[in-house]
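Take a look at the structure set out below.
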There are 2 protein chains.
Amino acid sequence: MAEREVDRSISQTVKAQLALRDQILSGALRPGERISELQAVETTGASRTPVRMALVRLEEEGLLEAIPSGGFMVKAFSERDISDSIELRGTLEGLAARFAAERGVSARELEPLKECLAAIDELLGQVPISVDAFSSYVTLNARFHALLTELSRSPPLIRQIDRASALPFASPSGFVMAQSALPEAQQILIIAQEHHRVVIDAIENREGARAEAVMREHARLAVRNLRLALRNRTHLDLLPALALIKTATD
Amino acid sequence: MAEREVDRSISQTVKAQLALRDQILSGALRPGERISELQAVETTGASRTPVRMALVRLEEEGLLEAIPSGGFMVKAFSERDISDSIELRGTLEGLAARFAAERGVSARELEPLKECLAAIDELLGQVPISVDAFSSYVTLNARFHALLTELSRSPPLIRQIDRASALPFASPSGFVMAQSALPEAQQILIIAQEHHRVVIDAIENREGARAEAVMREHARLAVRNLRLALRNRTHLDLLPALALIKTATD
DNA sequence: CAGGTCGCTATTGTATACATAACGTATTCA
DNA sequence: TGAATACGTTATGTATACAATAGCGACCTG
């Protein structure tokens, strides 16, 4: 190997996977488009073997689809697929919350969740919320959801939730960003924060059913708002991941 | 390539994946054991590239675990992991049943489900159930669950349920076989069949909440019975997939 | 002019060679 | 005698060469 420059800091496979995911989520590769291995080799800088491993992983992740005659294409999602994915994740998170409540959680484990809660409260105190604060919110919200998932102490469940969040629009950050396009955004965030508060309370009091119910309601709210947001598509450039939605004409 | 005989009827990657999965589920590879690529190349007859693709797929499937320093090992599961996986699948199937009920299903779509139901009824009429009949039951039950999942008409959900069933003990066939070790096996199957009947009825009458609740109860019953079955481990050789359970001493 | 077939090209599937990193062992020094 | 280091071996990570197939176009024939 002479001319190819190899970045030895991370594995070629991971590098290729990250690069390709980026291309897909940024919309550089359109839904339905076939991914050429050769082209991927050029754009990622890895050779064919790691590129192929990355393609297999991205297929399992749900971003790509295998073409029967060989190769992969970028998967396209309907609006229904997206709202189902959010509801799916909400259902899984509901189960996680129930497990946490039923199995018991120490005060020490709950600590970081409460810190998240307080930090979000502080952000939401501002009216209207600034762009920077909103970006912090997205991070904190994702952290809250991740911590909550961990509380279930169920590796199989955590794994499934991670999988369900792989699709960007189904991740906490994803749908928060979509909702942000709505005029009622701040009101929505305040309601969501109330849900967060309730689920913590339910877990503390070991009320499994209530913890589960509120997380499912949380997701249903997200689905309703996403639908609204998709109606007024004006601000949707906020969410590049929506490049994955297949257009009606395709 | 001279001495290696290549089976060209199916792709080498698929061949390797099937062969390796077989080795894992049959217990030829013990949980926690490292899988050597070279050894896999010898036992599967494929070369390293397809073997590696198969290993990546099996990792995503949940049967293998990546070792940080490189390579893969057979994943080990605790009893808790297994019961969580069953409950997880039940929750997902509950959501599928609810989607089916809420979105409406035509009589024609329900037809194959009802045929399944009738066929199972016939089998359960025999007391005690014969070994052959039990084997038919396993097949019919798996078919019923698959058809029910399809009724949701939600590709993301169907995909997740398939993933959740990848672990053999979490699949309908898997836990039915585990339950069969119990003395009350036949009684259990009759109750399960009642659940099947109720979920169909609920879907027909578009009662989403009821459809969901019964599927979750269905899974909870399975979890309870699996726990019982694991207590009297006498007949567990019925379920080779339990080879994946990590022993207390490991 | 239209339809079919043959052949070429481009792309994926497979195999293997090479590089590199990790682990185990042996030897040496404190 | 024990511990640490260095070296060798083995396995994985990566690159590329080779094979086969599918898709496309052109040419020929009816």
Side-chain angles (χ1 to χ4, degrees), chain A residues 1-21 23-24 28-61 63-75, chain B residues 1-21 23-24 28-61 63-75:
Chain A
M1 233 207 63
E3 51 264 332
R4 187 192 296 281
E5 300 176 27
V6 180
D7 175 5
R8 301 218 171 279
S9 62
I10 60 166
S11 95
Q12 297 295 307
T13 302
V14 172
K15 187 177 82 173
Q17 190 175 350
L18 293 174
L20 286 171
R21 185 175 0 205
Q23 290 180 33
I24 296 165
L29 296 164
R30 312 290 310 175
E33 188 173 341
R34 186 188 193 124
I35 289 196
S36 152
E37 270 186 29
L38 204 64
Q39 186 185 325
V41 164
E42 280 168 16
T43 59
T44 63
S47 75
R48 279 189 64 210
T49 305
V51 162
R52 284 176 66 81
M53 306 242 309
L55 290 172
V56 170
R57 289 203 140 94
L58 289 168
E59 182 205 356
E60 305 286 339
E61 218 172 89
L63 253 35
L64 296 181
E65 204 172 345
I67 299 172
S69 66
F72 298 92
M73 56 179 263
V74 179
K75 204 156 166 180
Chain B
M1 234 207 65
E3 51 263 332
R4 187 193 296 279
E5 298 175 29
V6 180
D7 175 5
R8 301 219 171 279
S9 63
I10 59 166
S11 96
Q12 297 296 304
T13 302
V14 172
K15 187 178 80 175
Q17 190 175 351
L18 293 175
L20 286 172
R21 186 176 5 216
Q23 289 180 34
I24 296 166
L29 296 165
R30 312 288 311 175
E33 188 173 343
R34 186 186 193 127
I35 288 196
S36 150
E37 270 185 30
L38 204 64
Q39 184 184 326
V41 163
E42 280 167 16
T43 59
T44 62
S47 75
R48 278 190 65 207
T49 305
V51 161
R52 282 177 67 82
M53 306 243 307
L55 291 173
V56 170
R57 289 204 140 94
L58 289 168
E59 181 204 354
E60 304 286 339
E61 221 172 86
L63 253 36
L64 297 181
E65 205 173 344
I67 300 173
S69 67
F72 298 92
M73 57 178 263
V74 180
K75 205 157 167 179

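Protein chains get the first letters and strands the later ones, always in sequence-line order, with residue 1 at the start of each. All of these numbers come straight from a predicted model, not from anything done at the bench.
- Distance B/Arg57 CZ to C/dG13 P: 9 Å, rounded to the nearest Å.
- Within the 4.5 Å cutoff, no side-chain heavy atoms of A/Ile35 are placed close to those of A/Gln23.
- Nearest-nucleotide positions on DNA chain D for B/Arg34 and B/Thr49 put B/Arg34 closer to the 5' end.
- Within the 4.0 angstrom heavy-atom criterion, no nucleotide atom of any strand lies near B/Leu55.
- Across the protein-nucleic acid pair, A/Lys15 atom NZ and D/dT14 atom P stand 10 Å apart, rounded to whole Å.
- Protein atom CD of B/Glu37 is 17 Å distant from nucleotide atom P of C/dA21, rounded to whole Å.
- Distances were taken from every side-chain heavy atom of B/Pro50 (C-beta onward) to each of C/dC23, D/dC18, C/dA15; the shortest belongs to C/dA15.
- In this structure, the CZ atom of B/Arg52 is 15 Å from the P atom of C/dT14, given to the nearest Å.
- Using a 4.5 Å cut-off on side-chain heavy atoms (C-beta onward), A/Glu60 and B/Glu59 make no contact.
- Between B/Arg48 atom CZ and D/dT10 atom P there is a gap of 15 Å when expressed in whole angstrom units.
- In this structure, CG of A/Leu38 is placed 9 Å from C1' of C/dA10, rounded to the nearest angstrom.
- Between A/Ile67 atom CD1 and D/dA22 atom P the separation is 13 Å, expressed in whole Å.
- When each of B/Leu20, B/Leu29, B/Leu58 is checked for a side-chain contact (heavy atoms from CB on, under 4.5 Å) with B/Leu63, only B/Leu58 meets the rule.
- Considering only side-chain N and O atoms, B/Thr13 lies under 4.0 angstrom from the phosphate OP1 or OP2 of C/dT14.
- Picking from C/dA22, D/dT14, C/dA15 the nucleotide with the shortest atom distance to the side chain of A/Ser47 gives D/dT14.
- At a threshold of 4.5 Å between non-hydrogen side-chain atoms, the residues A/Arg52 and A/Thr49 do not count as touching.
- The distance between atom CD of A/Gln12 and atom C1' of D/dT14, rounded to the nearest whole Å, is 7 Å.
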